[in-house]
Amino acid sequence: MHVHLLTIFPEFFATPLAVGVPKRARDAGALRVSLVDLREYTTDRHRSTDDYPYGGGPGMVMKAEPIIDALEAIRVGAPRTRRVLLSPRGATLSHARAATLATEDDLALVCGRYEGVDERVRDFVDEELSIGDYVLSGGEAAALVVLDAIARLLPGVLGNVESAAAESFVAGMLEYPQYTRPEIVRGVPVPPVLLSGDHTAVARWREAQARELTRRVRPDLLEG
Ligand code: SAM
C-alpha cells in the first residue's frame with residue numbers, strides 16, 4: 001500500500017515512521033509512505049499555504065490550490081488514489097473503517113492546519129475522517145493515528161495473526177486482560193487459570209473476561 005501524506009510539516013513524521021509498526025510495515029514492503037510538502041505546490045515567493053478568511057474572523061485558512069494541485073500531482077501506476085481529508089467534521093475512525101482503508105492500494109491523507117482548509121478542497125476528496133470529537137491543532141497527528149491503525153492490519157506486518165484477531169473492536173468486544181511476569185506484583189497474583197497450562201480453560205476465561213469487561217466499560221459495543 002502506498003500512502004501519501006500531504007502536509008506543511010513533513011518533518012512531523014520522521015520519528016513515528018522510523019519506529020515500531022510503521023517501520024516494520026515499510027521494511028516488509030507492505031507500506032510505502034511519500035511525504036508531500038504542500039509548500040512545493042505554492043506559486044508565490046513566500047510559499048504561502050494559508051490566507052485570511054473571506055468575511056473576516058480569527059486565524060488563517062489553508063488555501064485550496066496547493067492542496068488540490070498536490071492531490072492532482074499524485075499519479076502512481078494504475079490504482080486510483082483514495083483521497084481522505086483529516087477533519088473534525090468527518091466520520092469517526094473505527095476499526096472497521098481502518099480495515100477497509102487497509103485494502104486500498106493508494107491512499108492520500110490531507111492534513112489541515114490553522115482554522116482548517118478552504119471549503120472547496122472538499123470537492124476533491126473522497127471522504128473526511130475524524131479521529132474523535134475534539135480539535136487538534138493539525139491533521140498530522142490524526143494522519144499518524146490513521147496510518148498506524150492501517151499499517152498493523154496490512155498482511156504480513158504483525159507477527160502473530162491470532163493476536164490481531166483477539167484485539168479490541170475486532171470481534172465487537174474489548175480484549176481480555178493481559179498479564180506477564182512476575183507472578184505477583186505488589187501482592188496481586190496472576191489469575192491461576194493462566195498458569196494452569198489448560199488451553200481450553202484459558203480460552204474460556206479470556207472470552208468471559210472480554211465479555212464482562214466490555215459489558216462494564218463499553219456496553220455499546222455489545223449492542224451491535
Ligand atoms: N476550525 C476547525 C473546526 O472548528 O472544525 C478546526 C481546525 S483544526 C485547528 C486544524 C486541522 O486539524 C483540521 O483542518 C484537521 O485537518 C485537523 N484536525 C483537528 N481535529 C481533528 C480531528 N478530531 N480529527 C481529524 N483531524 C483533525
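As the structure lists them, so they are numbered: ligands from 1, and atoms in each ligand from 1. These numbers come from the heavy atoms of this one structure, side chains and all, not from hydrogens, waters or symmetry mates. We number each residue from 1, following the sequence as shown.
At least one donor-acceptor pair closer than 3.5 Å links the side chain of Asp198 to the backbone N or O of Ala201. Side-chain atoms of Ser48 never come within 3.5 Å of backbone atoms of Asp44 as a donor-acceptor pair (strictly under, hydrogens ignored).
On a distance-only criterion, Val135 and ligand 1 share no N/O pair closer than 3.5 Å. Any N or O atom pair closer than 3.5 Å counts here, and Tyr134 shares at least one such pair with ligand 1. The shortest N/O to N/O separation between Gly112 and ligand 1 falls below 3.5 Å. Considering backbone and side-chain atoms together, Ser137 places no N or O closer than 3.5 Å to any N or O of ligand 1. Considering backbone and side-chain atoms alike, Gly132 places an N or O below 3.5 Å from some N or O of ligand 1. Residue Ile131 has at least one nitrogen or oxygen atom sitting less than 3.5 Å from a nitrogen or oxygen atom of ligand 1, judged on distance alone.
By the 4.0 Å N-to-carboxylate-O rule, Glu167 lies close enough to Arg152 to be salt-bridged with it. We find that Glu119 and Arg122 are joined by a salt bridge, their nearest charged nitrogen and carboxylate oxygen being less than 4.0 Å apart. With salt bridges taken as basic N to acidic carboxylate O contacts below 4.0 Å, one links Arg97 and Glu127. Remark: Asp126 engages Arg80 in a salt bridge, criterion side-chain N to carboxylate O under 4.0 Å.
Of the protein's non-hydrogen atoms, Ser87 N, 3.3 Å is the one closest to atom 26 (N) of ligand 1. Atom 8 (S) of ligand 1 has as its closest protein heavy atom Leu136 O, 3.2 Å.
Of all atoms in ligand 1, listed by their number and element, those nearer than 4.0 Å to a heavy atom of Ala142 are 25 (C), 26 (N). Close contacts of ligand 1 with Leu129, meaning ligand atoms under 4.0 Å from a residue heavy atom, involve 25 (C). Atoms of ligand 1 found under 4.0 Å from any heavy atom of Gly116 (numbered from 1 in listed order, with element): 7 (C), 14 (O). Interface atoms of ligand 1 facing Tyr114, defined by a heavy-atom separation under 4.0 Å, are 7 (C), 8 (S), 9 (C), 10 (C).
The part of Arg113 lying near ligand 1 is the backbone, judged by heavy-atom distances below 4.0 Å.
When Gly90, Cys111, Pro58, Gly138 are ranked by how near their heavy atoms come to atom 12 (O) of ligand 1, first place goes to Gly138. Of the listed options Met62, Glu140, Glu115, Glu115 places a heavy atom closest to atom 2 (C) of ligand 1. Comparing Pro88, Ala143, Gly59 against atom 5 (O) of ligand 1, the shortest heavy-atom distance belongs to Pro88.
No donor-acceptor contact under 3.5 angstrom links the side chains of Glu175 and Ser168, judged on distance only.
Under the 4.0 Å distance rule, the nearest protein heavy atom to atom 16 (O) of ligand 1 falls inside the cut-off.
Each of Arg39, Lys63, Glu65 was checked for a side-chain contact (heavy atoms from CB on, under 4.5 Å) with Thr49, and the lone residue meeting it is Arg39.
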